[in-house]
Every structure is written in C-alpha cells, then in structure tokens.
2 protein chains.
Amino acid sequence: MSMSAPPLQRRPATIKDVARELDISVATVSRAMSKPHLLRPATVARVREAVERLGYRPNLVAQNLKLGSTRIIYVVVPAMSLFFFDVFRGIERAALEQGYSVVAAHTGRDPVREGEYFDQVACGRADGVLLVSSARLETRPPHQHQYPPTVSVLEVDEGREFPSVRVDHVAAAAMATNHLIELGHRRIAHISGNALAPMAEHRRRGFLQAMAAAGLSTEYCVPGEFSPEAGQAAMEILLARAVRPTAVFASSDEIAVGAIRAIKAAGLSVPGDISVMGYEDQRLSRIYDPQISTVHIPTFDLGYQAMTKLRRILAREPYEHDVLLPTHIVVRATTAAPKQA
Amino acid sequence: MSMSAPPLQRRPATIKDVARELDISVATVSRAMSKPHLLRPATVARVREAVERLGYRPNLVAQNLKLGSTRIIYVVVPAMSLFFFDVFRGIERAALEQGYSVVAAHTGRDPVREGEYFDQVACGRADGVLLVSSARLETRPPHQHQYPPTVSVLEVDEGREFPSVRVDHVAAAAMATNHLIELGHRRIAHISGNALAPMAEHRRRGFLQAMAAAGLSTEYCVPGEFSPEAGQAAMEILLARAVRPTAVFASSDEIAVGAIRAIKAAGLSVPGDISVMGYEDQRLSRIYDPQISTVHIPTFDLGYQAMTKLRRILAREPYEHDVLLPTHIVVRATTAAPKQA
DNA sequence: TCCCCCATTGTTAGCGGTATCAAAGCGGCA
DNA sequence: TGCCGCTTTGATACCGCTAACAATGGGGGA
C-alpha cells in the first residue's frame, strides 16, 4: 500500500496580499473587484493583473459575514428519490436565474436532522430554506427551533404553516379514486405510503373521501411504504383476501410497480383482472412495462415557483401565502373497466 | 389573490447581546458555548439560561471565518440519478460519523458549473470536494481554477488526477462482456452511455477489449445515453440490422430497460431471443420485470471510503492515492445461452 | 504573614472582507 | 488667484466570533 504524503497547501492570497503587492489600499482592491466603475480604468487593470498573478479570490465567508447574506438556499428533502429531484430541478432553474446557489440537504425523514438543517440556516449558513415535504408534526423533537425564511413545497407543513407552493393531494387522490370508480370498479383497494410522510396521509384521506362519497366500502385500505418491495408485500396481503379487490390505487408509482409484480406473480393480469393506479407520474411510470396510469404532479413548476416565492420573501416583497398548482390524471395501460362489470 | 405582508424579521441575537444581558464579557459567553469546563458551573448555567431566553445561536459564518474551516464538504455530482445518490448515501454516513456536513451540488454535466462549485469551495465556502464522476477533459473551460482538497469518486479524473476511490470500469465491463461470451454468444452488441461521461467511455473500452480478446467482431457497438429512451432507440437500430445480435451489453441498467422494451416491442423475448446485460446494479434492475442481470458497483462503500479519505487529507494524515474497490456480476433473469448455440 | 499558583474572567487583536468618511488632486470659473 | 466640486484613492470601523494574553482573587504552603 503506497501512502502519499499530504501535499503542502499554500495559504490562499488575501486582499491584503494584493494591496501590498501594488502598494495600494485594500479598499481599492475591493472596489476593483466589485465596483470597478468607481476607479480609473488603469487602476482596475493593474489590480486585475495582480489578482491573476497572485491567484487571489475573495473569501466568500468573509464577504458573507460583512454583507450578512450568503445567497445560498438549503433545499431540505426527506429522501433521495427521483420524485423529489424533479422538484429540485425546478428549484435549481429558478435559483440560477435569480442569482442564488442551492444545496441539497437530505434528512432521510429524520426530524432531528431536519431541525439541524434549519439551525444551520438560522445560524447564517444560508439565507433561506425550501422544505420539500417534511416530517410529521408528532414526530418532531420538542427542541425550540428558530425558523429562517422558509417555503414549503409539495404540501403544507402542519403546525408551522410556512408559506407554500403545493398541490391538493387530497383532491388529487380523490380524482384518482374516482377514475377507478367511473370505470365501474366497486371493490377498490388503497396501498398507502410511508407513515411518516404527511403526503401519504393526505392521499389516503382523498381515497377515503372519494369512496365514502360513492358509498363504497374502504375495507381494502392497507398500510405500505414508498417502495416497490412494500407495494408487493401489501398487494400480496390484499390478494390473500377471500374476495379480492378489482382495482388498486397505490400511493406512488413505485408502490404500483410492486403491486403489479405481485399481481403477475399470482397468475393474474393487469388490467385484465385487476386495475392499478399510481401517483406522482414519475418517469418510472412511463418506463415500466406496462406503462402505469397515474396522477400527474407538476414537480418542476412546484420547485420553480417555490424558489421564486422565497426570493420575494427575502427581498421583502409581498407574496401569496399559499399557492395551489393543478394536477391531472394520466391514463395509460394499467387501468380498465372490471371484467364482471 | 390575497397577498401577505412580509413578516418582520427580528435581528438575530449575537454574542454581545448575551454578554450585555448578563453584564459579562463576550469571551465568557463564547467559552460557555464551546469550552464549558473552563468556567464555573454556575456561570455556564447563567449563560445557558440567557442564551435560551434570547434565542441566541452562534453565527456559523463568523465562526468559520475565525476558525478558517467550515466542516462542510461539497459533493459534486453530474446528474440527479439514483445511481449517484447511492454513492451520496455512503458519503453522508461517513460525514455524519466524522462531524462533517455534506451538501449536494449538481452540475448537469456542465463543466462550467463544475468549475463554479470548485471556485466556491476554493473561496472558503467548504473545506473540500468529493467529485462524483466528472466532465470530460476536452470539454472543460480553459479558465484557471484553483483546486481545493478533492477526492474523485467512482472513477479517476483524467488530467487532474485527484486522489480517488473508484472501481475499474474497464475490467468490470470486460467481465460483463465475458459473461455473455461464456454463455455462448458471438454477436454481442454494446449500447454505450452519455458521450460526455468518462465512465461511459471506460465501459465501452472494456467491452471492446473483451471482444477483441475473444476474437469477436465489435460491429454492434452503438452510441447511446444513460436513459431508457436512448436505450430503446439504440436497440431499435440494432434490431433493424440484417443479422441481429443475440446479446446486448448495456452501459447502464436504465439503458437495459429501454433495450428490453424495444426487444419486446419487436415481438422477441428476453432472454429467449436476445440476452441483455445491464451495469450498475441499480435498484431498478431488481424491480424491473424481468429482473436484470448486471454488474454490481459498490456505490455505498465508494462514497463512504471517499469521504473517509478526504477527512484524512484535510487532517494532513497519510493516505493512499488511488483506491480500487472490487465489482462482481449479478446474474438474474435477462441473460441465458443463445438459442442456436 | 507573605507569596505563589491556579481557577476564573476580562480585554483585545485579528479572521478577510466592505462601507463610510476623509483627503488629495485637479480643472473650471469668477 | 482663490474657491468650489468632482473624481479617485486612502484610512478605518466593523460584521460576530475565538484565542492569546492579562488581570483578579482566593487558598494553601512555607
């Protein structure tokens, strides 16, 4: 095992080094960097040359301290999934356009880590937070946090009520359920998502409301998690019932994938024997074979608009507290009328 | 549209506020926060109480400036894919254990943005960089960057030669190709990945080497991109050939998914008519139906060990410049001997 | 009793920038 | 010639925190 000696790290040049080199004041160097119009062009040129030669770059930490702002936004996401990163892309685009940098901070659905990120920002590490989904109220640690400027994305944050840009998951889930009802299904199952995710609860609520409104039984509503494995396991339980459901509304596309796998494994067909409806309209739902019927969530726009709103908040401009974006159903190859309709 | 007025933001309490409140010096407050053993317990308690009451939290930016370190690591990833985020998870775990925070900085394979992140870190925003894959040498802008302590993850960075923790993609791709050869295939195709990704080039090279070593023709080697759509398109081209390949080595699992779709669409079966081999061993390859044979890349360990090495570098401890981790083949349901063997 | 030492707290100099105010130099005009 | 005002540059306070050094006071040993 060949060990390298650590390479010696040169102390980075500071503004003083440049000033001393040219025998001018640090103020002049600072101005040459950020307000060159205040200086004689010849001076700016001399400074530029010395900066280049010494390899000077302004220290951002010092700059941030003096100016009291970082132009950094923390994007707090519960999990590394493509669904959340579609939102992230929208945020990134808006941030780029508005001169902010974004960094992804990932909590693994751990409320403690979520709090740590809030604290970091409250301590000046960044100017604001975009909270993409978040932990359930009751799982949050009692520690008193100070909240930096924050916008909730995807759903409201119960209890803290940050300004938000979101969709109505209850209504969207009801829409998905109604799609199955309108196809003629009566015994409709629901496999819900991660118990810690408020979004999962909202989707479940939408399902229950739609079923109740149609006078149908909700006995096929089972718990799950946002993964194909959990979807498969939940579907296996549903298939073991004496009377099987003829349709399933899964709380996410990933769950739908697992459910389809279980149905096929039981020798049944989709949608011939059982229809499957997903949620989120992830890329997976288009890639999968068969392509999955699902509910489209405008992830990119949610991110884009949330970042824009956060910028307004930071600039102390007026803004709308709660913004709702529309969703719609995408019918693909996994939903059809029941056989014995 | 109801506009909320921006809520007034209170100036956060500083160490001076706490000191003034208790009529003690700022040094005592600072010590109560970070070295309480130097103070009388009663004093620590008084400070704690005032800190709580005023809601004081040390300003991290000021702390960073004074201490000359942020304990933040930038993880620079080319794209938001689950493959890269498996690596990210390993990094995160190690960082947590070692008292660092990590932030994900995403370049979209844009060398300019990659450079911007390097600059930010060089300007003091973070202590180091973990470069997960990176842009091709020839696409990099000529601008002179100063590099902060950096470790390459997944592959070496040609031209810059940072210390690395990686796998031998050439050997791994050759291994995958040999698996197909050993099954009896002779007409083996390769669909390569994104032309900007050095990894794609390495995998292609491994394929070419293995084929050459076996004395087989490489006429079925076609360009592609890391997506199911590109895989499907590439496969359609391959299927249009007068003499079709009997096996395909895809440069990623996502490409494999697309290829399988195209094969099925052409009325052929996998692996009955054509075998498909993936690469990366993403979760997708286990989820998909059929489950995809692939090459396992130890993503979590790569991330974990890279972060550990970066910590050693920052601590000026000795380290091994280039670390190689082993890979292995995972045979699932998409590879079999050719029909007319 | 005196002195030394240690425990505890205070004072202050930066970290590397930016902004404010002051000063210098110069041209124009009465 | 004297004065005004503009352009250009310099000196310095300060952002909030930590660390080095100074100061204070009390207890114990000679």
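All figures in this text were calculated on a predicted structure; none of them were measured in a lab. In the text below, chain A, chain B and the rest are named by the order of the sequence lines, each starting its count at 1. Side chains included, hydrogens not; waters and symmetry mates left out as well; all remaining heavy atoms used.
- Here the P atom of nucleotide D:dA13 and the CG atom of A:L65 are 17 Å apart, to the nearest Å.
- Remark: A:T28 is in phosphate contact with D:dG10, judged by side-chain N or O atoms under 4.0 Å from OP1 or OP2.
- Distances were taken from every side-chain heavy atom of A:P58 (C-beta onward) to each of D:dC17, C:dG17, D:dC15; the shortest belongs to C:dG17.
- The phosphate of D:dC17 (OP1 or OP2) has no side-chain N or O of B:S30 nearer than 4.0 angstrom.
- Residue B:K66 has no polar side-chain atom (N or O) positioned under 4.0 Å from OP1 or OP2 of D:dC15.
- Close to D:dT18, at under 4.0 Å from its OP1 or OP2, lies a side-chain N or O of B:Q63.
- Remark: the B:D322 side chain and the B:S164 side chain contain an N/O donor-acceptor pair separated by less than 3.5 Å.
- Along DNA chain C, the nucleotide nearest A:Y56 and the nucleotide nearest B:D23 are compared for position; the residue whose nucleotide lies closer to the 5' end is B:D23.
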(request) Kindly indicate, with the supporting measurements, whether the criterion salt bridge (Lys or Arg N to Asp or Glu O under 4.0 Å) is fulfilled by A:D17 and A:R11. (result) CA-CA 11 Å; A:D17 298 321; A:R11 182 183 66 82; 3.4 Å; yes
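- Looking at B:R160 and B:Y147, their side chains do bring a donor and an acceptor atom within 3.5 Å of each other.
- Applying the 4.0 Å criterion to OP1 and OP2 of C:dT9, one finds that B:S25 has every side-chain N and O outside that range.
- The backbone N or O of A:P41 lies less than 3.5 Å from no partner atom in the side chain of A:T43, so there is not a single donor-acceptor pair.
- Distance CG (A:L38) to P (D:dC6): 15 Å, rounded to an integer number of Å.
- No hydrogens or angles were tested; on distance alone, a donor-acceptor pair under 3.5 Å links the side chain of B:R31 to the base of C:dG10.
- Regarding B:N64, its CG atom lies at a distance of 14 Å from the C1' atom of D:dC15, rounded to whole Å.
- With sequence neighbours left out, B:P12 forms a side-chain contact (heavy atoms from CB on, under 4.5 Å) with no residue at all.
- Dashed line: the shortest gap from a side-chain N or O of A:K35 to OP1 or OP2 of C:dT18 is not under 4.0 Å.
- Closest contact between the side chain of A:A62 and the listed nucleotides C:dG10, C:dG17, D:dC17 involves C:dG17.
- Each end of the helix from C:dT1-D:dA30 to C:dA30-D:dT1 gets its own axis, taken as the rotation carrying the C1' atoms of four end pairs onto the next four within a five-pair window, and the two axes meet at 70° to the nearest 10 degrees.
- In the model, A:T70 has no side-chain atom that pairs as donor or acceptor with a side-chain atom of A:N64 under 3.5 Å.
- The separation between B:R125 atom CZ and C:dG16 atom P is 17 Å, rounded to whole Å.
- Rounded to an integer number of Å, the gap from CD1 of A:I24 to C1' of D:dT8 is 12 Å.
- Put simply, A:R40 has no side-chain N or O that comes within less than 4.0 Å of OP1 or OP2 on D:dT7.
- Note on A:L67: only backbone sugar-phosphate atoms sit closer than 4.0 angstrom, heavy atoms only; bases stay farther off.
- Atom P of nucleotide D:dT9 and atom CG of A:L22 are separated by 12 Å, given to the nearest angstrom.
- Across all strands, B:S34 comes closer than 4.0 Å to no nucleic acid atom at all (heavy-atom distances).
- The phosphate of D:dT9 has OP1 or OP2 within less than 4.0 Å of a side-chain N or O from A:T43.
- Between A:L60 atom CG and C:dT18 atom C1' the separation is 14 Å, expressed in whole Å.
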(message) Apply side-chain contact (heavy atoms from CB on, under 4.5 Å) to residues B:R113 and B:E116 and explain how you reach the verdict.
(response) CA-CA 5 Å; B:R113 291 180 60 192; B:E116 286 169 0; 4.0 Å; yes
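- In this structure, B:R93 is not positioned above the aromatic face of B:Y304 in the sense of NZ or CZ being under 6.0 Å from the six-membered ring centre and within 45° of the axis.
- The distance from atom CD1 of A:I15 to atom P of D:dT12 is 16 Å, rounded to the nearest whole Å.
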